[in-house]
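As the structure is a prediction and not an experimental result, all values here were calculated from the model. Lettering of chains follows the sequences in order, A, B, ..., and the numbering in each one begins at 1.
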2 protein chains.
Amino acid sequence: MGAAAYARLRDAGLRPTRQRLELASLLFDGHPRGRHVTAEMLFAEARADGARVSLATVYNTLNQFTGAGLLREVVVEPGTSHFDTNTGDHHHLYFEDSGELRDVDADRIEIKGLPPIPRGAEVARVDVIVRLRRK
Amino acid sequence: MGAAAYARLRDAGLRPTRQRLELASLLFDGHPRGRHVTAEMLFAEARADGARVSLATVYNTLNQFTGAGLLREVVVEPGTSHFDTNTGDHHHLYFEDSGELRDVDADRIEIKGLPPIPRGAEVARVDVIVRLRRK
DNA sequence: CAATAGTTTAGAATAACTCTAAACTGCTGC
DNA sequence: GCAGCAGTTTAGAGTTATTCTAAACTATTG
């Protein structure tokens with residue numbers, strides 16, 4: 001299982017250090033694409049797993065992984081960032097009461113009528129967030 | 001100009017205090033629907049306008065206005081909340097480099113293929129954020 | 001395996017809020 | 001009109017999420 005994480009880091013041009021390997025393993029190994037974690041969640045999980053990692057490193061690593069295209073940052077609530085292991089084109093279902101986030105494939109969804117993009121700008125990405133509340 | 005703000009607060013069931021009137025005036029009077037402010041921005045504007053308001057009150061007021069349906073909270077970046085004077089059904093264009101936020105009428109946009117909503121949940125709202133970068 | 005460049009870390013620092021408890025102020029009712 | 005109270009405001013402390021700093025460590029390269 002370490003091998004996949006190792007290759008992933010290498011391919012992303014990140015030096016495969018002990019803590020990055022541990023975090024990459026936790027994030028990607030044995031989990032379906034589409035895990036959503038916050039820094040605190042991943043930190044707690046790493047600790048529970050016996051990994052010796054600092055919270056600062058978890059933050060650094062999440063940001064580096066995001067920069068390297070291994071993760072994607074999702075902002076749904078003020079105050080906390082979520083990171084998604086699914087970096088493909090997709091959208092989100094957000095359960096307001098539990099804070100749970102669930103992926104929705106982008107090719108299921110069709111968006112029509114987007115306004116003209118101003119000259120000099122280009123679309124970096126379109127985020128659709130369906131906010132759900134308990135009925 | 002004070003009259004509109006006064007009526008707006010009354011209709012929202014908020015006691016029209018000096019600071020609420022001032023903030024409501026700044027937010028709504030003489031501005032087209034669709035202003036986007038952060039707490040710090042509104043605080044600075046109020047100060048520049050000579051209003052005696054504390055930052056805590058700006059935060060409280062923005063939250064109360066949001067609760068009363070006078071404003072809508074928009075989360076696009078980690079770390080800061082934006083408040084939108086347009087409370088109608090609409091979406092956003094977000095300029096990543098400048099941080100500018102611009103409204104897009106919802107009836108221009110059509111979204112198809114949303115996944116089935118889980119039993120027991122209902123859609124509170126659908127947010128579409130078109131993130132733009134400089135080309 | 002030594003040098004070095006990139007990493008990690010504890011703890012301090014920052015940013016964006018929220019809370020607290022005391023001071024203040026609209027709004028009643030008389 | 002004004003006393004009195006419930007609702008507001010505020011300064012400053014507290015909290016939370018995150019970043020910074022500078023020293024200690026470690027993966028890679030020669």
Does any donor atom in the side chain of His90(B) or Asp84(B) lie under 3.5 Å from an acceptor atom in the other side chain? yes
Between Ser81(B) and Glu73(B), do the side chains contain an N or O donor and an N or O acceptor separated by less than 3.5 Å? yes
Does His36(A) have any ring-ring contact (aromatic ring centres under 6.0 Å, His included) partners at least two apart in sequence or in another chain, and if so, which? His92(A)
Heavy-atom closest pair (Leu132(B) atom, Ala121(A) atom, distance to 0.1 Å) is CB-CB, 4.3 Å
Take the C1' atoms of the five end pairs on each side of the helix from dC1(C)-dG30(D) to dC30(C)-dG1(D), derive the two axes, and give their angle rounded to 10 degrees. 30°
Are Leu9(B) and Phe83(B) connected into the same hydrophobic cluster when the rule is that any two of I, L, V, M, F, W, Y join if their side-chain heavy atoms are below 4.5 Å apart? yes
Any idea which heavy atoms bring Asp97(B) and Arg134(B) closest together, and the distance? OD2-NH2, 2.6 Å
Between CG of Leu23(B) and C1' of dT9(D) the distance, given in whole Å, is 12 Å
Passing candidate, side-chain contact (heavy atoms from CB on, under 4.5 Å) with His82(B), options Val75(B), Val37(B), Leu71(B), Val76(B): Val76(B)
Residues touching DNA chain C, which here means a heavy atom under 4.0 Å, drawn from residues 36-50 of chain A: none
side-chain contact (heavy atoms from CB on, under 4.5 Å) involving Glu96(A) - partner list, sequence neighbours excluded: Tyr94(A), Arg131(A), Arg133(A), Ala124(B)
Heavy atoms under 4.0 Å is the rule here; annotate nucleotides 23-30 of chain C 5' to 3' with B where the base is hit, S where only the sugar-phosphate is, and - elsewhere. --BBS---
Would you kindly give the CD-to-P distance between Glu22(B) and dT9(D), to the nearest whole Å? 10 Å
In terms of heavy-atom contacts, Leu21(A) and Pro16(A) come closest through CD1-O, 3.9 Å
So does Lys112(B) pair up with Glu110(B), basic N to acidic O under 4.0 Å? yes
Between the main-chain N or O of Gly34(B) and the side-chain N or O of Thr85(B), is there a donor-acceptor pair closer than 3.5 Å? yes
What are the residues of residues 51-83 of chain B, sorted by number, that bring a heavy atom to within less than 4.0 Å of DNA chain C? Ala56(B), Tyr59(B), Asn63(B), Gly79(B), Thr80(B), Ser81(B)
Check this for me, if you would: do Arg47(B) and Asp49(B) make a salt bridge, where the nitrogen-to-carboxylate-oxygen distance has to be below 4.0 angstrom? no
Presence of Arg20(A) side-chain N/O under 4.0 Å of dT8(C) phosphate oxygens OP1/OP2: yes
Answer yes or no for Arg8(B) and Phe28(B): cation-pi contact, defined as NZ/CZ to six-membered ring centre under 6.0 Å and angle to ring axis within 45°. yes
